[in-house]
Amino acid sequence: MDKVVATAAEAVADVPDGASLAVGGFGLSGVPNVLIGALYERGVAGLSVVSNNCGAMETGLAVLLAAGRIARVTGSYIGANKEFARQYLAGELEVELIPQGTLAERLRAGGAGIPAFYTPAGVGTQVADGGLPWRYDGEGGVALASPPKEVREFDGTEYVLERGIRTDFALVRAAKGDRHGNLVFNKSTRNFNPLAAMAGRVTVAEVEELVEPGEIAPDAVHLPGIFVQRVVALTPEQTADKKIEQRTVSS
């Protein structure tokens, strides 16, 4: 099955207002900027985003965030994104912060058909006990807090129950992909991208290099095409447009 779509705009044309999205990337690495830009151009709003962070340096998800298009974020890192912090503290944005490893496993579990799992991460904290601020009231108070989660003991150790994550759509970026949707990620871009792709009911991948089926050796595939429904081939200009968050040089 040829899953290649002509343009990014066509690939995200059916993403509605209020949709949930799993988005790959970490910082500026492996972020599906072209697909995010296509969503921005469409004017889609009220989005619930599941991603490690919410963009940086006015790129990636920061584009949608600054435009007020994101209603909720499930993630593990705010970082240096001042607009993310401002919207959260002002009560304009609902945010569920969870341990990074838990986020990764919740995405993987959702994609693998596992509804929930137990983990020791967060036991004895507000992650398990509840009370984490999901939304502020804009005046320093908490308008919505996280509920308590089930805690169970196994072999003398306590574990907290975490739910798998499934989203309406997933947006990812890969170094190479074929027309069947098999993907290969380059170095650190193989961060949250495979996990986000697994969690989406409809997964769209922008690829820097499009190849024919069979050109990727089976053992080289990082994500099987069964998890990918649409593939968009980037132009050389789009592929080369990669920013550096912090440039460090020696004297």
Side-chain angles (χ1 to χ4, degrees), residues 5 7-98 103 107 133-139 143-144 165 167-173 189 191-193 196-197 199-206 230 232 234-235 237-246:
V5 180
T7 66
E10 183 181 343
V12 300
D14 58 346
V15 178
D17 289 347
S20 59
L21 304 173
V23 182
F26 187 113
L28 304 183
S29 178
V31 180
N33 287 311
V34 175
L35 292 170
I36 291 171
L39 274 183
Y40 173 80
E41 292 298 327
R42 280 200 59 228
V44 180
L47 298 169
S48 293
V49 172
V50 182
S51 184
N52 165 259
N53 56 74
C54 207
M57 291 181 59
E58 301 179 350
T59 65
L61 287 171
V63 174
L64 295 172
L65 183 74
R69 308 281 183 78
I70 298 177
R72 190 179 197 277
V73 176
T74 299
S76 58
Y77 184 67
I78 293 179
N81 191 326
K82 294 181 179 180
E83 178 60 14
F84 188 0
R86 186 200 68 77
Q87 289 190 26
Y88 177 38
L89 295 175
E92 300 171 9
L93 184 68
E94 187 173 311
V95 178
E96 180 183 2
L97 286 173
I98 55 179
L103 174 63
L107 289 166
W134 278 3
R135 181 184 291 277
Y136 286 98
D137 61 8
E139 298 179 355
L144 179 65
I165 292 175
T167 58
D168 300 324
F169 293 86
L171 308 180
V172 300
R173 180 171 182 139
T189 63
N191 40 46
F192 279 87
N193 273 302
R201 294 181 176 88
V202 176
T203 293
V204 187
E206 58 180 61
R230 300 168 192 168
V232 178
L234 301 182
T235 67
E237 293 75 20
Q238 290 170 331
T239 297
D241 185 18
K242 297 177 181 177
K243 295 176 174 57
I244 298 175
E245 189 168 0
Q246 296 185 18

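Closest non-hydrogen pair, Leu107 versus Ala199, comes out as CD2-CB, 3.6 Å. Here the closest heavy-atom approach between residue Val172 and residue Ala196 is recorded as CG1-CB, 4.2 Å. Contact record, Leu47 with Pro16: CD2-O, 4.1 Å, taken as the closest heavy-atom pair. Heavy atoms only, all atoms of each residue included: Gly24 and Pro32 are closest at O-CD, 3.4 Å. Nearest approach of Arg173 to Lys242, heavy atoms of both residues: NH2-CE, 4.1 Å. In terms of heavy-atom proximity, Gly200 sits nearest to Ala170 at CA-CB, 3.7 Å.
Atom CD of Glu10 sits in a crowded spot, with more than 12 heavy atoms from other residues, nucleotides or ligands closer than 6.0 Å.
Judged purely by atom type and a 3.5 angstrom limit, Gln87 has no side-chain atom pairing as donor or acceptor with the backbone of Leu93. No donor-acceptor pair closer than 3.5 Å links the side chain of Asn81 to the backbone N or O of Asn53. The main-chain N or O of Ala11 is found under 3.5 Å from a side-chain atom of Arg230 such that the two form a donor-acceptor pair. A distance-only check finds no donor-acceptor pair linking the side chain of Thr189 to the backbone of Ser29 [under 3.5 Å]. Between the Ser51 side chain and the Cys54 main chain, no donor and acceptor come within less than 3.5 Å of each other.
Between Asp14 and Phe169 there is a side-chain heavy-atom pair separated by less than 4.5 Å. A heavy-atom distance below 4.5 Å is not found between the side chains of Val15 and Val204. Taking the side chain as every heavy atom from C-beta outward, Thr59 and Ile36 never approach each other to under 4.5 Å.
Tested against Leu61, the residues Leu171, Val23, Leu21, Val31 include a single side-chain contact (heavy atoms from CB on, under 4.5 Å) partner, Val23.
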**OP:** Output, in order, the C-alpha distance, side-chain angles, deciding distance and verdict of side-chain contact (heavy atoms from CB on, under 4.5 Å) for Thr167 and Val49.
**Re:** CA-CA 9 Å; Thr167 58; Val49 172; over 6 Å; no
**OP:** Go through Asp241 and Asn33 one step at a time and tell me if the side-chain contact (heavy atoms from CB on, under 4.5 Å) criterion holds.
**Re:** CA-CA 9 Å; Asp241 185 18; Asn33 287 311; over 6 Å; no
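In summary, Asp137 and Arg135 do not engage in a salt bridge, as defined by a charged side-chain N under 4.0 Å from a carboxylate O.
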Show the atom names and distances, to 0.1 Å, of all donor-acceptor pairs under 3.5 Å that link a side chain in residues 64-79 to residues at least two apart or in another chain.
| residue | atom | partner | partner atom | Å |
| --- | --- | --- | --- | --- |
| Arg69 | NH1 | Tyr40 | O | 3.0 |
| Arg72 | NE | Glu94 | OE2 | 2.5 |
| Arg72 | NH1 | Thr74 | OG1 | 2.9 |
| Arg72 | NH1 | Glu96 | OE1 | 3.3 |
| Arg72 | NH2 | Glu96 | OE1 | 3.3 |
| Ser76 | OG | Asn52 | ND2 | 3.0 |
| Ser76 | OG | Gln100 | NE2 | 3.4 |

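Atom CG in Leu28 sits 8.5 Å away from atom NZ in Lys243 (nearest 0.5 Å).
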